[in-house]
Amino acid sequence: MSASLEPRTHPSPSLSLPPPLLELREVRYAYPDGTPALRGVSLRLAAGEKAALVGLNGAGKSTLLLHLNGLLRSTSGAVLVEGAPVSNATLRHVRARVGMVFQDPDDQLFSPTVFDDVAFGPLYMGMAETEVQARVSRALEQVGMSGFERRMPHHLSPGQRKRVAIATVLAMDPVLLALDEPSSGLDPRGRRGLIALLRALPQAMLVATHDLAMVAEAFPRVIVLNEGLVVYDGPGAPLLADTALMERYGLR
Ligand SMILES: Nc1ncnc2c1ncn2[C@@H]1O[C@H](COP(=O)(O)OP(=O)(O)OP(=O)(O)O)[C@@H](O)[C@H]1O
Ligand SMILES: [Mg+2]
């Protein structure tokens with residue numbers, strides 16, 4: 001009885017620390033045809049943390065990102081956003097908190113004008129018209145696409161479509177950005193602008209990419225996926241400098 005009155009010198013971390021912004025616990029996923037894509041992925045991301053997700057074609061990067069806002073549901077394991085498991089009950093909240101940019105911008109853009117596509121999320125969230133307009137202007141400016149509001153997304157070049165796809169997510173001001181190959185198809189100036197933007201944004205981000213020069217510039221943390229497993233998770237600089245390791249994971 002007296003023991004229960006003693007002061008707790010080691011409070012449980014789960015009681016004293018907020019949950020990580022994102023947590024994956026032993027996430028496994030196989031596509032309906034049986035292809036195993038994720039084979040037990042665990043990771044945590046803190047608010048504001050920027051991590052690059054790298055690995056060979058087919059490593060599982062896109063599959064992993066699609067789990068972050070519930071577009072794919074793991075066969076086993078759990079995905080938690082701000083401590084809440086992604087489920088039907090939390091889906092609406094999760095989609096407002098996690099901004100997802102698909103590998104193919106054609107999967108993202110479906111409206112008759114650029115404005116409508118970028119305004120879609122803020123309108124869906126019930127924002128007032130002036131707020132929606134301010135958000136669309138700001139997001140298009142951030143990706144260097146101001147002035148394209150009235151253009152048809154499907155008549156833009158692939159690189160321009162990619163930028164608009166990124167703007168649709170920035171307009172939502174999510175806490176976590178899940179970007180799949182954001183620099184692919186961008187011209188050198190667009191790519192530089194993107195790198196500066198990713199560095200400046202305050203949000204946490206998990207970014208799948210093959211652009212290792214961008215990784216070196218914008219991402220302090222690198223996660224390497226290989227055949228559906230995390231084989232490296234740590235600071236980017238020592239990994240990128242380790243030619244043997246880079247060779248082993250097919251990154252060189
Ligand atoms: N719709 C699908 N049906 C069946 N298998 C799929 C499907 N999409 C992806 N896969 C398989 O799942 C695995 C992971 O693919 P994923 O697209 O996640 O890789 P990735 O790391 O994003 O590759 P990349 O660098 O080419 O974008 C691969 O073996 C791939 O062939
Ligand atoms: Mg991919």
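None of these values were measured; they are calculated from a predicted model. For reference, positions follow the sequence shown, starting with 1. First listed ligand is number 1; within each ligand, the first listed atom is number 1.
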Could you tell me whether a side-chain N or O of [X] sits under 3.5 Å from a main-chain N or O of [Y], the two making a donor and an acceptor?
X: Asn226; Y: Val231; value: no
X: Asp117; Y: Phe110; value: yes
X: Arg199; Y: Glu217; value: yes
X: Lys61; Y: Gly55; value: yes
X: Gln142; Y: Ile166; value: no
X: Arg28; Y: Thr75; value: no
X: Tyr249; Y: Arg252; value: no

Test item: side-chain donor near acceptor, [X] and [Y], under 3.5 Å:
X: Gln103; Y: Ser62; result: yes
X: Thr35; Y: Asp33; result: yes
X: Thr63; Y: Tyr31; result: yes

### Message
One residue to check: Asp180. Relative to ligand 1, which of side chain, backbone, both or neither has a non-hydrogen atom less than 4.0 Å away?
### Response
neither

### Query
At under 4.0 Å between heavy atoms, which part of Thr63 makes contact with ligand 1: side chain, backbone, both or neither?
both

### Query
With only distance considered, is Gly60 within less than 3.5 Å of ligand 1 through an N or O on each side?
yes

### Message
If I apply the N/O under 3.5 Å rule, does Ala59 come out as touching ligand 1?
### Response
yes

Considering only the protein, which heavy-atom contact is closest to [atom], and what is its distance?
atom: atom 6 (C) of ligand 1; value: Tyr31 CD1, 3.2 Å
atom: atom 26 (O) of ligand 1; value: Asn57 ND2, 2.9 Å
atom: atom 17 (O) of ligand 1; value: Ser62 CB, 3.9 Å

### Message
Under a 4.0 angstrom heavy-atom cut-off, which atoms of ligand 1 come close to Asp33?
### Response
4 (C)

Counting heavy atoms only, name the option from [options] that's nearest to [atom].
atom: atom 28 (C) of ligand 1; options: Ala208, Gly55, Gly58, Ala30; result: Gly58
atom: atom 11 (C) of ligand 1; options: Thr35, Leu64, Leu53; result: Thr35
atom: atom 25 (O) of ligand 1; options: Gln103, Lys61, Glu227; result: Lys61

### Query
Got a protein heavy atom sitting under 4.0 Å from atom 30 (C) of ligand 1?
no

### Message
Assigning hydrophobic clusters by single linkage (Ile, Leu, Val, Met, Phe, Trp, Tyr; side-chain heavy-atom cutoff under 4.5 Å), is Phe120 placed with Val98?
### Response
no

### Query
Which protein N, O or S atoms lie under 2.8 Å from the Mg ion (ligand 2)?
Ser62 OG, Gln103 OE1

### Task
Determine, using heavy atoms of Leu65 and all atoms of ligand 1, whether some pair is separated by less than 4.0 Å.
no

### Query
Under 6.0 Å from the six-membered ring centre of Tyr124 and within 45° of its axis: does the NZ or CZ of Arg92 meet both?
yes

